[in-house]
Enquirer: 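Please read through the structure below; I'll follow up with questions.
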Amino acid sequence: QVQLVESGGGLVQPGGSLRLSCTASESIFSGNAMGWYRQAPGEQRRLVAGITVGGTTTYMGSAKGRFSISRDDAAHTVYLQMSNLNPEDTGVYFCKVLGTDHWGQGTQVTVSS
């Protein structure tokens with residue numbers, strides 16, 4: 001059974017940090033690139049960051065310089081370290097096995113004072 005389970009979201013003040021985790025079934029994690037998406041209220045899901053099997057990373061827009069994606073293949077887990085958060089980072093964050101339709105259930109991140 002394919003599973004992706006995110007965790008680590010929450011409420012944080014502007015300027016704060018959070019680390020999101022996504023643990024996947026071994027069968028879908030191994031050998032696949034992984035990505036983190038954000039869906040802000042009233043908007044479509046947009047790619048925030050991606051990481052290849054070899055560890056090459058890509059960041060979109062305002063994530064550059066503030067977010068860091070990494071993966072632990074032994075733990076079948078991908079992480080998103082987010083720093084210097086601002087209210088525009090608010091949304092539901094989903095992990096995805098890139099190139100497939102496998103999504104996690106999402107974790108809410110709210111940046112507010």
Side-chain angles (χ1 to χ4, degrees):
Q1 183 179 357
V2 173
Q3 280 193 319
L4 296 114
V5 179
E6 297 105 331
S7 62
L11 173 64
V12 62
Q13 292 187 340
S17 299
L18 281 175
R19 188 176 84 153
L20 307 182
S21 301
C22 171
T23 300
S25 306
E26 179 181 8
S27 62
I28 60 169
F29 187 88
S30 300
N32 284 302
M34 301 292 294
W36 282 99
Y37 287 69
R38 176 176 65 238
Q39 186 166 20
E43 296 185 11
Q44 294 182 336
R45 292 182 193 182
R46 299 183 186 276
L47 180 67
V48 172
I51 186 167
T52 67
V53 172
T56 300
T57 57
T58 302
Y59 301 94
M60 308 302 290
S62 64
K64 296 177 183 178
R66 298 188 301 126
F67 294 3
S68 178
I69 187 171
S70 60
R71 62 190 292 157
D72 182 339
D73 290 343
H76 316 135
T77 299
V78 61
Y79 302 98
L80 186 67
Q81 176 69 48
M82 304 186 293
S83 302
N84 194 22
L85 286 161
N86 59 65
E88 288 69 38
D89 297 316
T90 294
V92 181
Y93 284 71
F94 298 87
C95 69
K96 183 178 186 287
V97 182
L98 297 181
T100 76
D101 289 329
H102 299 312
W103 293 89
Q105 83 287 354
T107 185
Q108 176 70 45
V109 171
T110 303
V111 184
S112 175
S113 56

Enquirer: I need the Met34 CE to Asp73 CG distance, nearest 0.5 Å.
Expert: 10.0 Å

Enquirer: Please list all pairs meeting side-chain hydrogen bond (donor to acceptor under 3.5 Å, both in side chains) that have one or both residues in residues 11-20, counting only residues at least two apart or in different chains.
Expert: none

Enquirer: Walk me through whether Leu4 and Ile28 qualify under side-chain contact (heavy atoms from CB on, under 4.5 Å).
Expert: CA-CA 9 Å; Leu4 296 114; Ile28 60 169; 3.8 Å; yes

Enquirer: Under the ring pair (Phe, Tyr, Trp, His ring centres under 6.0 Å) rule, collect the residues that match up with Tyr37, sequence neighbours excluded.
Expert: Trp103

Enquirer: Would you tabulate the side-chain donor-acceptor contacts of residues 92-102 under 3.5 Å, counting partners in other chains and residues two or more places apart, or write 'none'?
Expert:
unit_1 : atom_1 : unit_2 : atom_2 : d
Tyr93  : OH     : Arg38  : NH1    : 3.0
Tyr93  : OH     : Asp89  : O      : 2.6
Lys96  : NZ     : Thr100 : O      : 2.5
Thr100 : OG1    : Val97  : O      : 2.7
Thr100 : OG1    : His102 : N      : 3.1

Enquirer: Kindly write out the residues that satisfy side chain to side chain donor-acceptor pair (under 3.5 Å) with Thr110, not counting sequence neighbours, or none if the list is empty.
Expert: Gln108

Enquirer: With sequence neighbours excluded, give me every side-chain hydrogen bond (donor to acceptor under 3.5 Å, both in side chains) pair touching residues 20-35.
Expert: Thr23-Thr77

Enquirer: Taking only residues two or more places apart in sequence, or in another chain, which ones meet Ser113 in a side-chain contact (heavy atoms from CB on, under 4.5 Å)?
Expert: Pro14

Enquirer: Just by modelled atom types, is the Gly106 backbone N or O under 3.5 Å from a matching donor or acceptor in the Glu6 side chain?
Expert: yes

Enquirer: According to ring pair (Phe, Tyr, Trp, His ring centres under 6.0 Å), does anything in residues 16-35 pair up with another residue at least two apart or in another chain? List the pairs.
Expert: none

Enquirer: Would you tabulate the side-chain donor-acceptor contacts of residues 57-64 under 3.5 Å, counting partners in other chains and residues two or more places apart, or write 'none'?
Expert:
unit_1 : atom_1 : unit_2 : atom_2 : d
Tyr59  : OH     : Ile69  : N      : 2.9
Ser62  : OG     : Arg66  : NH2    : 3.3

Enquirer: Run the salt bridge (charged side-chain N to carboxylate O under 4.0 Å, His left out) test against Asp72 and tell me which residues pass, sequence neighbours left out.
Expert: none

Enquirer: What pairs meet the disulfide (SG to SG under 2.5 Å) rule with one or both residues in residues 43-72, with sequence neighbours excluded?
Expert: none

Enquirer: Under the criterion side-chain contact (heavy atoms from CB on, under 4.5 Å), I'd like the reasoning laid out for Leu20 against Gln81: C-alpha separation, chi angles, the key distance, then a yes or no.
Expert: CA-CA 6 Å; Leu20 307 182; Gln81 176 69 48; over 6 Å; no

Enquirer: Sequence neighbours left out, what pairs pass side-chain hydrogen bond (donor to acceptor under 3.5 Å, both in side chains) with at least one residue falling in residues 39-56?
Expert: Gln39-Arg45

Enquirer: Can you see which heavy atom on Ile51 is nearest to which on Ser70, and at what distance?
Expert: CD1-CA, 3.8 Å

Enquirer: If we only count heavy atoms from C-beta on, is the Cys22 to Trp36 side-chain gap below 4.5 Å?
Expert: yes

Enquirer: Applying side-chain contact (heavy atoms from CB on, under 4.5 Å) to Val111 and Val109, what does each step give before you reach the verdict?
Expert: CA-CA 7 Å; Val111 184; Val109 171; 4.2 Å; yes

